[in-house]
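In what follows, chains carry the letters A, B, and so on, assigned in the order in which the sequence lines appear, proteins first and then strands, with residues in each chain numbered from 1.
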2 protein chains.
Amino acid sequence: MTTEESILKAARKVFQRKGLEGARMQEIADEAGINKALLHYYFRSKENLFEKIFSEAFEKMLPAVSGYLSEATNLRQFVVFFIEKYFELISEMPYAPQFILQEINRNPNLIANLTGKFGLPVELVKELIKREADAGLIVPIRPEHLMINIISMIIFPFAAKPIIMTVLFKNKQQAYDEFLNQRQAVIADFVLAAITIKKCDQ
Amino acid sequence: MTTEESILKAARKVFQRKGLEGARMQEIADEAGINKALLHYYFRSKENLFEKIFSEAFEKMLPAVSGYLSEATNLRQFVVFFIEKYFELISEMPYAPQFILQEINRNPNLIANLTGKFGLPVELVKELIKREADAGLIVPIRPEHLMINIISMIIFPFAAKPIIMTVLFKNKQQAYDEFLNQRQAVIADFVLAAITIKKCDQ
DNA sequence: GCGTGGTTAAACCAAATGGTTAAATCACGT
DNA sequence: ACGTGATTTAACCATTTGGTTTAACCACGC
């Protein structure tokens with residue numbers, strides 16, 4: 001691992017836990033196993049480094065999903081595939097959502113710089129919903145609600161990990177990890193059950 | 001409104017948007033329409049003021065719900081009532097969840113001071129689920145997953161407001177507010193549809 | 001009128017922090 | 001051996017920021 005990589009790794013960790021204002025350059029240097037001078041030798045300023053970490057996280061979290069989804073031919077397929085992909089994504093960067101939300105909350109301008117570059121496949125979902133609702137296969141639901149429902153159920157337990165672990169699992173790390181692992185399947189079942197109209201062909 | 005109240009109101013606003021480290025005492029004073037000297041005259045230190053705002057938010061968000069829920073006699077009732085109450089709560093303090101999550105993420109010790117004072121009605125839900133699943137009324141589901149699913153779908157759209165408003169609603173405040181208003185009913189329908197087993201008595 | 005407590009203004013202090021600098025060292029290929 | 005870029009050390013600077021202090025002011029009830 002090059003020095004630059006270890007700096008970025010350290011910056012990711014510190015920024016994502018503490019936020020821009022809470023992070024200390026010294027802490028990032030320590031975490032990277034180098035000193036402050038070298039840190040500035042690589043990345044001139046805190047803002048500079050932060051901007052790299054933030055946009056990296058932002059770009060990874062949003063558009064990654066929408067890309068390979070156009071293939072879905074029915075809603076069930078879409079839902080299962082979407083949940084699978086998004087779960088993979090967030091498992092790799094569990095702190096990113098909380099980090100992004102906090103920083104945008106603190107400085108809404110951050111969103112302006114990145115707007116337009118991304119999107120959710122609302123149009124596709126809208127079409128799938130319309131077609132299958134007309135065919136009596138699923139309950140009609142606004143695509144925005146469906147998407148947000150799914151994303152909420154995936155992201156929130158990662159963002160709220162410390163609280164949930166305390167309130168629901170007596171701080172047992174293992175019990176919580178097991179809980180998280182179950183969720184991909186649980187959410188898929190939950191969503192499909194919620195939107196599917198069951199046939200009564202008895 | 002007394003000076004103390006206006007300080008607390010200002011502190012709530014600034015702390016919840018910027019976090020402990022991002023907040024400036026001067027900004028809180030300005031927001032309250034007073035000067036820094038008076039701010040310290042009322043609340044000796046930043047930590048002191050922050051602690052008040054944080055534990056206030058924390059205590060309001062968690063246990064408020066679990067109290068008046070023991071009355072529920074069936075799961076449907078519980079779900080509807082829980083969603084209604086939690087929605088009321090969060091509508092009054094939409095920034096609280098994001099704030100709490102961020103601060104706990106930054107300093108996990110914050111959770112230790114408050115542990116044990118609260119809880120979610122998992123036992124009650126577990127009983128209701130068991131009874132009605134045995135009776136073939138609902139799909140069996142771990143109570144923890146059900147609770148987290150519901151809470152996720154309620155909280156997340158508030159926490160992610162700026163992003164969702166941009167990605168899904170072209171920054172139209174009105175469209176987003178309308179979306180949020182729909183969610184109480186949408187979530188209730190969604191959850192009930194997900195857990196209910198429909199009778200085929202044709 | 002007078003004291004008391006809320007309030008302001010402005011200057012001030014000490015600590016923390018982002019950032020710089022200078023000199024020395026180290027590792028490496030040439 | 002030499003040079004170059006990476007790295008360290010340590011001191012240093014300027015700014016920000018939480019917090020204090022002092023004096024004056026104001027409104028109020030007694």
Who passes side-chain hydrogen bond (donor to acceptor under 3.5 Å, both in side chains) against B:Arg183, sequence neighbours left out?
-> A:His145, A:Asn149

With a cut-off of 6.0 Å (strictly less than), are more than 12 heavy atoms of other residues, nucleotides or ligands near CD of A:Glu5?
-> yes

A:Arg76 with A:Glu132: basic N within carboxylate O range, under 4.0 Å | no

State yes or no: are the ring centers of A:Phe179 and A:Phe169 separated by less than 6.0 Å?
-> yes

Which salt bridge (Lys or Arg N to Asp or Glu O under 4.0 Å) pairs, counting each pair once, include a residue from residues 92-105 of chain A, with sequence neighbours left out?
-> A:Glu103-A:Arg106

Of all residues at least two apart in sequence or in a different chain, which pass the side-chain hydrogen bond (donor to acceptor under 3.5 Å, both in side chains) check with A:Asp177?
-> A:Gln173

Tell me, for nucleotides 17-25 of chain D in 5' to 3' order, what letter each nucleotide earns: B for a base near a protein heavy atom under 4.0 Å, S for only sugar-phosphate near one, - for neither?
-> SBBBB----

Identify the 5'-most and 3'-most nucleotides of DNA chain C with at least one atom closer than 4.0 Å to a non-hydrogen atom of chain A.
-> C:dT17 to C:dT21

Of all residues at least two apart in sequence or in a different chain, which pass the side-chain hydrogen bond (donor to acceptor under 3.5 Å, both in side chains) check with A:Lys18?
-> A:Glu27

Atom CG of A:Asp30 to atom C1' of D:dT8: distance rounded to whole Å?
-> 14 Å

Does OP1 or OP2 of D:dT7 have a side-chain N or O of A:Tyr42 closer than 4.0 Å?
-> yes

Is a side-chain donor or acceptor of A:Lys46 paired with a backbone partner of A:Leu20 at a separation under 3.5 angstrom?
-> yes

